[in-house]
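Here's the structure we're looking at; comments come further down.
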Amino acid sequence: MTQLPSPTDVSPTDAFRAAARSLDRRRFLTVTGAAAAIAFAVNLPDTAQAASRPSLDPRAIATDPFTLGVASGDPLPGSVVLWTRLAPEPYAADSGLPAEPVDVAWEMARDASFSDLASSGSVTAHPEFHHAVHVEAEGLAPATTYWYRFTVGEWTSPAGRTRTAPAPDAAPESLRFALVSCQRYDQGYYTAYAHLAAEEDLDAVVHLGDYLYEYAVNAAAGARGYTEPLPAVFNRETATLDDYRLRYALYHADPDLRAAHAAHPFIVTWDDHEVENNYAGAVSEGGLPPDEFLARRAAAYRAYYENMPLRAPQLPDGPDLLLHRRLRYGRLAQLDILDSRQYRDDQAHGDGWQIPGEEANDPARTLLGASQERWLEDGWQASDAVWNLVGQQVTFSRRRNRTTGPWPLSMDAWDGYPAARDRFLAGAERAGVENLVVLTGDVHVHYAFDIKEDWDDPDSRNRGVELVTTSIASGGDGAARPDNWAALTGANPHLRFYDGRRGYVVLSLDEQRLRAEFRTVDRVTTPGAAIATAASFTSLAGDSGLVAD
């Protein structure tokens with residue numbers, strides 16, 4: 001499933017070779033900064049120190065350790081990742097457990113009552129990984145729904161439901177994915193997740209980043225109107241490993257998020273807030289020195305792995321984590337998951353809305369890094385899928401935020417890296433990708449874009465489509481339309497749809513067409529809002545371009 005980046009960077013252009021050299025320089029910084037995170041390597045599970053310690057008797061766990069629920073992810077035709085984390089006291093730094101390993105039993109069944117077991121086993125939850133469990137269950141049937149659960153001592157977890165991917169040579173009649181992003185806890189309830197869990201029949205949920213936010217959560221404020229104060233640790237921005245771990249505990253404890261994870265497998269990638277707003281590679285937006293920031297990045301990446309249903313290749317090494325990976329759904333869809341944070345050049349001209357200048361237009365600038373760019377094109381060259389989906393973080397299409405020139409663009413999005421965007425599209429062209437679909441989060445609004453060969457010519461050829469999902473909670477309730485909606489569409493004629501409320505996108509695929517349904521809730525600052533479909537669009541295979549249903 002996971003293809004490692006190539007160890008060499010070969011490019012047909014000087015600009016691409018320059019991008020590779022830039023990546024090498026940043027990798028050197030990363031390696032030197034890794035020394036700051038060396039404390040994380042003490043007593044890891046495969047070391048002699050860890051092996052010599054006694055295990056915790058599961059019968060000594062006196063309160064429910066499954067407070068953070070269960071999850072599954074990264075489905076393959078014969079395998080899926082199962083996750084949980086033991087936390088009898090989720091808001092304690094040690095989660096209410098001693099620093100001892102504990103054995104956890106797991107089982108998978110073909111039915112919800114667990115009368116027809118398909119697989120089972122035991123795994124050790126290590127304190128070095130905050131008693132997180134990652135089971136890569138093998139020997140499963142393709143395109144099959146399973147139920148799973150964990151047991152430790154007298155405690156049994158809630159049951160989760162998951163689904164494997166189709167066989168590599170299968171031609172499934174259809175696939176359904178949900179796209180989600182941006183779930184700032186203190187800005188709204190996770191109402192959209194409640195609907196996604198209860199009402200959607202999905203092959204997987206694709207989470208496109210900003211799973212958590214590093215900002216302080218003020219227990220006396222926030223949209224949720226807390227009935228009792230949160231622990232004081234949440235009143236500061238995350239910086240240490242304990243800070244990030246506790247922030248994930250706060251998010252995972254939400255019942256709607258737990259329900260969504262239990263209902264569907266998740267395929268995840270990060271954006272910036274899992275570490276720090278608008279960070280770029282080893283560069284801190286807040287101005288931290290590189291070694292200090294890389295220690296913070298190492299803590300954030302470690303906590304991310306501990307709390308996501310990821311496979312062994314995603315185990316972090318200090319401040320590095322190989323997150324880009326490829327999943328195939330038979331011959332109907334290939335899903336390439338990208339990482340546009342870890343390897344990018346710093347934002348040009350600052351990280352806000354700017355008029356692009358010489359720095360932004362430098363042909364050597366990279367958003368993905370040279371190795372990831374090559375890995376992506378190699379995957380496209382080998383793809384025989386009808387639909388090539390690319391899950392990534394920041395808006396790919398050109399996006400003007402004024403109605404008259406000059407035209408400021410977002411330096412944090414692909415607009416700030418135009419040469420990298422050109423290489424992306426050129427790679428798809430060389431590979432003969434006909435049905436390119438870019439999946440995006442980050443901006444807290446629903447967008448639907450046609451990806452144009454020439455952004456200044458509305459009649460130019462469509463190179464693909466981009467579907468941007470709004471946030472689950474970030475930004476509060478939002479509004480369906482901005483005041484300057486008509487002018488905004490005039491400045492961006494390839495923009496087919498906008499909605500600024502909260503929700504998610506449901507993406508349905510078959511051999512003939514793609515259909516995107518933009519789901520919204522009208523409020524998240526109070527619970528219980530209904531879900532509705534604000535709009536839906538179709539794109540036909542072999543004829544890129546979105547048409548309103």
Side-chain angles (χ1 to χ4, degrees), residues 21-44 93-94 127-130 132 184 209-218 231-251 269-308 314-323 339-352 359 365-369 372 393-394 411-412 416 442:
R21 290 194 296 271
S22 176
L23 174 62
D24 289 341
R25 288 194 297 273
R26 286 195 310 283
R27 294 290 300 157
F28 175 76
L29 281 175
T30 299
V31 170
T32 60
I38 197 167
F40 298 160
V42 176
N43 289 340
L44 291 180
D94 62 3
E128 293 80 14
F129 291 103
H130 216 203
R184 183 166 169 175
D210 292 342
Y211 191 96
L212 59 69
Y213 281 69
E214 78 279 24
Y215 304 133
V217 178
N218 187 340
V233 66
F234 297 114
N235 290 339
R236 64 171 182 261
E237 184 167 319
T238 54
T240 68
L241 180 57
D242 280 350
D243 290 341
Y244 285 106
R245 285 170 162 174
L246 288 168
R247 194 61 57 90
Y248 279 106
L250 178 67
Y251 280 54
T269 188
W270 54 36
D271 193 16
D272 51 344
H273 289 290
E274 288 87 351
V275 181
E276 178 198 59
N277 180 53
N278 284 354
Y279 83 95
V283 179
S284 162
E285 185 217 27
L288 293 176
D291 281 1
E292 187 175 341
F293 176 68
L294 286 168
R296 177 178 179 176
R297 198 178 89 173
Y301 285 9
R302 175 73 164 266
Y304 185 83
Y305 171 80
E306 291 173 348
N307 285 279
M308 294 293 118
Q314 279 65 64
L315 180 68
D317 180 10
D320 298 324
L321 189 156
L322 181 67
L323 192 60
D339 173 2
S340 69
R341 283 292 160 191
Q342 190 172 181
Y343 312 109
R344 67 159 63 192
D345 285 309
D346 197 8
Q347 291 89 344
H349 322 299
D351 55 18
E359 182 184 357
R365 284 173 51 76
T366 181
L367 192 70
L368 302 178
Q372 189 177 185
Q393 295 78 14
V394 293
M411 295 297 100
D412 189 57
D442 180 53

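FYI, side chains are in, hydrogens and waters are out, and symmetry mates aren't considered; it's all heavy atoms of this structure.
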Pairwise distance [atom1]([X]) to [atom2]([Y]) - rounded to 0.5 angstrom:
X: Thr269; Y: Asp210; atom1: OG1; atom2: CG; value: 10.5 Å
X: Arg296; Y: Thr238; atom1: CZ; atom2: OG1; value: 5.0 Å
X: Arg302; Y: Asp317; atom1: CZ; atom2: CG; value: 10.5 Å
X: His130; Y: Asn307; atom1: NE2; atom2: CG; value: 8.0 Å
X: Arg297; Y: Ser284; atom1: CZ; atom2: OG; value: 11.5 Å
X: Met308; Y: Gln314; atom1: CE; atom2: CD; value: 13.0 Å

Without swapping roles, check the side chain of [X] against the backbone of [Y] for a donor-acceptor pair under 3.5 Å.
X: Asp272; Y: Tyr279; result: no
X: Arg365; Y: Asp346; result: yes
X: Asp442; Y: Val394; result: no
X: Glu306; Y: Ala132; result: no
X: Gln372; Y: Leu368; result: yes

(request) Under the salt bridge (Lys or Arg N to Asp or Glu O under 4.0 Å) rule, collect the residues that match up with Glu285, sequence neighbours excluded. (result)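 Salt bridge (Lys or Arg N to Asp or Glu O under 4.0 Å) list for Glu285, sorted by chain: empty.
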
(message) I'd like to know whether Asp271 forms a side chain to side chain contact (heavy atoms under 4.5 Å, CB included) with Arg341, so could you lay out the CA-CA distance, the side-chain angles of the two residues, the decisive distance to 0.1 Å, and finally the verdict.
(response) CA-CA 6 Å; Asp271 193 16; Arg341 283 292 160 191; 2.9 Å; yes

Minimum heavy-atom separation for [X] to [Y], with atom names?
X: Pro319; Y: Leu294; value: CB-O, 3.4 Å
X: Leu321; Y: Tyr305; value: CD1-CB, 4.2 Å
X: Ala93; Y: Asp242; value: CB-OD2, 4.1 Å
X: Ala303; Y: Arg245; value: CB-N, 4.1 Å
X: Leu246; Y: Phe234; value: O-CE2, 3.3 Å
X: Ala239; Y: Ala299; value: O-CB, 4.4 Å

(message) Under the rule for side chain to side chain contact (heavy atoms under 4.5 Å, CB included), what residues qualify as partners of Leu212, not counting sequence neighbours?
(response)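 Scan of Leu212 (side chain to side chain contact (heavy atoms under 4.5 Å, CB included), adjacent residues dropped) gives Arg247, Tyr248, Tyr251.
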
(message) I want to check something: taking the side chain as every heavy atom from C-beta on, are Asn277 and Glu214 in contact at a cut-off of under 4.5 Å?
(response)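 When only atoms from C-beta onward are counted, Glu214 and Asn277 do touch, with a gap below 4.5 Å.
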
(request) Verify whether one side chain among Asp412 and Gln347 offers a donor that lies under 3.5 Å from an acceptor in the other. (result)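 Yes, Gln347 and Asp412 have a side-chain donor paired with an acceptor closer than 3.5 Å.
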
(message) What verdict does the side chain to side chain contact (heavy atoms under 4.5 Å, CB included) test give for Val275 and Tyr304, after you've listed the backbone C-alpha separation in whole Å, the side-chain angles of each residue and the deciding distance to 0.1 Å?
(response) CA-CA 9 Å; Val275 181; Tyr304 185 83; over 6 Å; no

(request) May I ask you to decide if the ring planes of Tyr301 and Trp270 are parallel, tilted or perpendicular, using 30° and 60° as cut-offs? (result)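 Geometry flag for Trp270 against Tyr301: parallel rings.
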
(message) Checking Tyr215 against His273 for the side chain to side chain contact (heavy atoms under 4.5 Å, CB included) test, could you report, in this order, the C-alpha distance in whole Å, the side-chain angles of both residues, the deciding distance, and whether it holds?
(response) CA-CA 8 Å; Tyr215 304 133; His273 289 290; 3.1 Å; yes

